[in-house]
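For clarity, every value in this text was computed on a predicted model and none was experimentally measured.
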Amino acid sequence: LTHKVSGAASLPYVTLGKGQGATLFEQFNDMKCDELSFNWSTGQPGTVAASFMGRGAVRKTEEWKAELAPPATSTAAPLSFNNAKVTLGGAETRLVSSFELTISNNLTVQQTDDAIPFDIVEGPLAVTLGFDYIIEDLKEYNKFHYGGEAGTSQSASIFTTSNLTFEFERTANNFLKFVVPTAAYTEFPIEPDAGGAPTSAAVRAAAQRSSEGFLQATVKNQVEK
């Protein structure tokens, strides 16, 4: 099944629970996701880290109910960076060796005169990404520093790159794709390696507002919902 993920004007509330052995059980209420980060490195499976912010916690005195039990361990093979296909500016490249994507909702706690916060409020959405780029030529470097692929003079304008695509596919039903329609490089450092390794840049970029949104995500799996 194919699932297309897009941004929303407001975030849903979720309830999270934690169990520590057979002793400590806690329930966290009115939670919203503050930040979600995806990370891949060459030869490594992808990882996801999420941080949440909520209004309060309750210590439970019993084990989880059936509906709160954690899901069974997945048997699907993980998506590694070896399964990646990367597109920069509409053209596929093999020069990228890592990928990280962070979605920040910039939440704040709305505190009043009660110990428990009144609400959790969303801030401006920010989507940032980074990747290690092997320097084969200066085209991408020039875009950041000199305003275009062949530029030689510093430019006052910010060069934006279109259609940054990071696609991970192991099978037809084990697939994940991120598309940043428009992005601007924020860091493009080049430093030589004293050990003689190929020169690379730890590139950082920020998604820009566009008619297609900040980020598009597509997931294919066997889950109906």
According to the side chain to side chain donor-acceptor pair (under 3.5 Å) rule, which pairs have a member within residues 79-95, sequence neighbours left out?
-> S80-N83, E92-R94
Under 3.5 Å, is there a donor-acceptor pair between the side chain of [X] and the main chain of [Y]?
| X | Y | value |
| --- | --- | --- |
| N142 | L138 | yes |
| E122 | L11 | yes |
| N163 | G89 | no |
| D137 | K139 | yes |
| T165 | V179 | no |
| E169 | E167 | no |
| W40 | L79 | yes |
| T171 | N174 | yes |

Between [atom1] of [X] and [atom2] of [Y], what distance do you get to the nearest 0.5 Å?
| X | Y | atom1 | atom2 | answer |
| --- | --- | --- | --- | --- |
| T182 | L164 | OG1 | CG | 9.5 Å |
| S200 | D132 | OG | CG | 5.5 Å |
| Y133 | T199 | OH | OG1 | 13.0 Å |
| I134 | L95 | CD1 | CG | 6.0 Å |
| F159 | E140 | CZ | CD | 7.5 Å |
| C33 | I120 | SG | CD1 | 12.5 Å |

Would you check, one step at a time, whether the test side chain to side chain contact (heavy atoms under 4.5 Å, CB included) holds for F178 with L176?
-> CA-CA 7 Å; F178 297 102; L176 179 61; 3.6 Å; yes
Lys NZ or Arg CZ of K32 over F52 ring: under 6.0 Å, within 45° | no
State whether E26 and K60 are salt-bridged, where the test is any N-O pair (Lys NZ or Arg NE/NH1/NH2 against Asp/Glu carboxylate O) under 4.0 Å.
-> no
Check the surroundings of atom CZ in F118: do more than 12 heavy atoms from other residues, nucleotides or ligands lie under 6.0 Å from it?
-> no
Neighbour count >12 (heavy atoms, 6.0 Å) for atom CD, Q111 | yes
Return the set of residues passing side chain to side chain contact (heavy atoms under 4.5 Å, CB included) with A201 (not counting sequence neighbours), or none when no residue passes.
-> I135, F188, I190, V203
Test item: side-chain donor near acceptor, S37 and T102, under 3.5 Å | yes
How far apart are the closest heavy atoms of P181 and F214, and which atoms are they?
-> CD-O, 3.6 Å
If you take all heavy atoms of G130 and R204, which pair is closest and at what distance?
-> CA-NH1, 3.6 Å
Take Q27 and T15 through the test side chain to side chain contact (heavy atoms under 4.5 Å, CB included) and record every step on the way to the result.
-> CA-CA 7 Å; Q27 179 177 308; T15 299; 3.6 Å; yes
Taking the side chain as every heavy atom from C-beta outward, state whether F175 and T218 have any atom pair closer than 4.5 Å.
-> yes
Start with the C-alpha gap between F99 and F131, add the side-chain angles, then the distance that decides, and say whether ring-ring contact (aromatic ring centres under 6.0 Å, His included) holds.
-> CA-CA 5 Å; F99 172 62; F131 52 89; 8.0 Å; no
